[in-house]
Participant: 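The structure's right below; bear with me while I get my questions together.
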Amino acid sequence: MKLKTFISLVFMISSVLPSLARVIEIDDIWDIQYKKRPLIVVAYASWCKPCQIYEPIVERLSCEYEGKVDFYEVNVDNPDAEDFIDRYDVRSVPLTVFMWDPLGDATLEHTKERGLMSYDELKYYIETTIKKHHHESSSSETTSSTILYWEWGRSYATLEEFIPLMAHFEGK
């Protein structure tokens with residue numbers, strides 16, 4: 001009976017440990033490994049009760065969005081986190097920063113939400129961030145792929161718009 005309990009306990013612990021690794025601790029924003037996905041960064045403090053309530057919610061969603069969104073956390077009590085705190089105006093914790101890449105070139109834009117969020121609220125903001133990431137990056141891709149021709153600061157969306165100008169260069 002003890003062996004069965006031990007095996008169950010080991011299985012339970014091993015099933016929890018991989019999920020904990022999905023939220024990566026960083027000291028500063030420069031520690032992030034950008035993989036062309038939206039980013040969620042949670043500023044927290046170990047002594048903060050709302051942060052302790054929020055942590056399992058973030059971990060659960062990090063499992064659900066694995067491979068679609070990267071999750072990070074920053075401990076505001078860490079002296080190395082000062083740049084992050086200043087950059088994102090962290091005045092209270094938890095603070096969640098949602099980042100996306102509108103141009104596909106690692107130029108990140110962000111929104112932030114202060115305070116504890118429920119599972120459903122956080123999921124809503126994650127979905128919104130994913131849509132912004134895909135919409136804005138795909139719209140910039142669409143824009144660049146539909147512009148067929150370029151002439152000194154003017155772009156032409158269709159061949160029909162461009163052909164009359166080509167006649168000028170061909171001497172017609």
Side-chain angles (χ1 to χ4, degrees), residues 18-45 48 50-51 53-76 78 80-162 165:
S19 69
L20 297 176
R22 290 190 174 95
V23 181
I24 301 167
E25 178 81 25
I26 58 171
D27 295 334
D28 197 2
I29 199 71
W30 306 113
D31 295 339
I32 289 177
Q33 297 293 322
Y34 180 64
K35 299 175 187 165
K36 297 190 178 192
R37 298 190 277 250
L39 306 168
I40 310 298
V41 183
V42 178
Y44 78 98
C48 167
C51 297
I53 295 167
Y54 196 41
E55 183 179 11
I57 296 168
V58 173
E59 288 175 3
R60 179 177 171 196
L61 285 164
S62 74
C63 292
E64 291 179 26
Y65 287 94
E66 185 175 19
K68 297 178 185 173
V69 177
D70 293 327
F71 288 80
Y72 295 91
E73 60 186 6
V74 176
N75 185 341
V76 296
N78 182 339
D80 293 334
E82 190 174 309
D83 187 40
F84 181 88
I85 293 166
D86 291 341
R87 178 183 304 255
Y88 295 100
D89 192 29
V90 180
R91 296 181 188 171
S92 61
V93 288
L95 173 91
T96 309
V97 182
F98 302 89
M99 299 181 198
W100 65 94
D101 183 4
L103 303 176
D105 64 354
T107 303
L108 297 176
E109 293 190 16
H110 74 278
T111 59
K112 58 187 175 185
E113 291 296 320
R114 297 181 190 279
L116 176 63
M117 285 187 269
S118 70
Y119 170 87
D120 291 331
E121 289 171 312
L122 181 56
K123 186 170 183 156
Y124 168 79
Y125 283 108
I126 293 169
E127 287 293 328
T128 302
T129 303
I130 290 171
K131 286 176 186 171
K132 286 179 182 178
H133 181 78
H134 290 301
H135 173 71
E136 292 181 16
S137 61
S138 67
S139 68
S140 67
E141 288 170 14
T142 303
T143 302
S144 63
S145 65
T146 56
I147 295 174
L148 301 176
Y149 306 97
W150 180 84
E151 176 203 5
W152 298 106
R154 182 167 177 211
S155 53
Y156 301 88
T158 65
L159 184 60
E160 290 77 25
E161 290 179 34
F162 189 73
L165 291 169

Participant: Show your reasoning for whether side-chain contact (heavy atoms from CB on, under 4.5 Å) applies to E121 and I57.
Facilitator: CA-CA 10 Å; E121 289 171 312; I57 296 168; over 6 Å; no
Participant: To the nearest 0.5 angstrom, please state how far the CG atom of D70 sits from the CD1 atom of I24.
Facilitator: 6.5 Å
Participant: Output the distance between atom CZ (R60) and atom NZ (K123), rounded to the nearest 0.5 Å.
Facilitator: 8.0 Å
Participant: If you define the side chain from C-beta out and look only at heavy atoms, does anything of R37 sit under 4.5 Å from V69?
Facilitator: no
Participant: Do the charged groups of K131 and E127 touch, with an N to O distance under 4.0 Å?
Facilitator: no
Participant: Taking the side chain as every heavy atom from C-beta outward, state whether I29 and M99 have any atom pair closer than 4.5 Å.
Facilitator: yes
Participant: Just wondering, do V74 and V90 contact through their side chains at under 4.5 Å, heavy atoms?
Facilitator: no
Participant: Taking it one step at a time, do Y44 and E55 satisfy side-chain contact (heavy atoms from CB on, under 4.5 Å)?
Facilitator: CA-CA 9 Å; Y44 78 98; E55 183 179 11; over 6 Å; no
Participant: Please round to the nearest 0.5 Å and tell me the distance separating atom CG of L116 and atom CD1 of I53.
Facilitator: 6.0 Å
Participant: Should we count OH of Y119 as having more than 12 external heavy atoms under 6.0 Å?
Facilitator: yes
Participant: Measure up the F71 and Y65 rings against each other and bin them: parallel (under 30°), tilted (30 to 60°), perpendicular (over 60°).
Facilitator: tilted
Participant: Under 3.5 Å, is there a donor-acceptor pair between the side chain of D86 and the main chain of D83?
Facilitator: no
Participant: Using a strict cut-off of less than 4.0 Å between a Lys/Arg side-chain nitrogen and an Asp/Glu carboxylate oxygen, indicate whether K132 and E109 qualify as a salt bridge.
Facilitator: no
Participant: Of V42, I126, V58, which is the lone residue that meets side chain to side chain contact (heavy atoms under 4.5 Å, CB included) with T96?
Facilitator: V42
Participant: I would like to know whether D101 and Y34 meet side chain to side chain donor-acceptor pair (under 3.5 Å); could you show each step before the answer?
Facilitator: CA-CA 10 Å; D101 183 4; Y34 180 64; 2.6 Å; yes
Participant: If you define the side chain from C-beta out and look only at heavy atoms, does anything of Y125 sit under 4.5 Å from M117?
Facilitator: yes
Participant: Among L108, L39, T111, exactly one meets side chain to side chain contact (heavy atoms under 4.5 Å, CB included) together with W100. Which residue is that?
Facilitator: T111
Participant: Without swapping roles, check the side chain of K112 against the backbone of Y88 for a donor-acceptor pair under 3.5 Å.
Facilitator: yes
Participant: May I have the step-by-step check of side chain to side chain donor-acceptor pair (under 3.5 Å) for E73 and Y54, ending in yes or no?
Facilitator: CA-CA 12 Å; E73 60 186 6; Y54 196 41; over 6 Å; no
Participant: I want to check something: taking the side chain as every heavy atom from C-beta on, are Q33 and Y72 in contact at a cut-off of under 4.5 Å?
Facilitator: yes
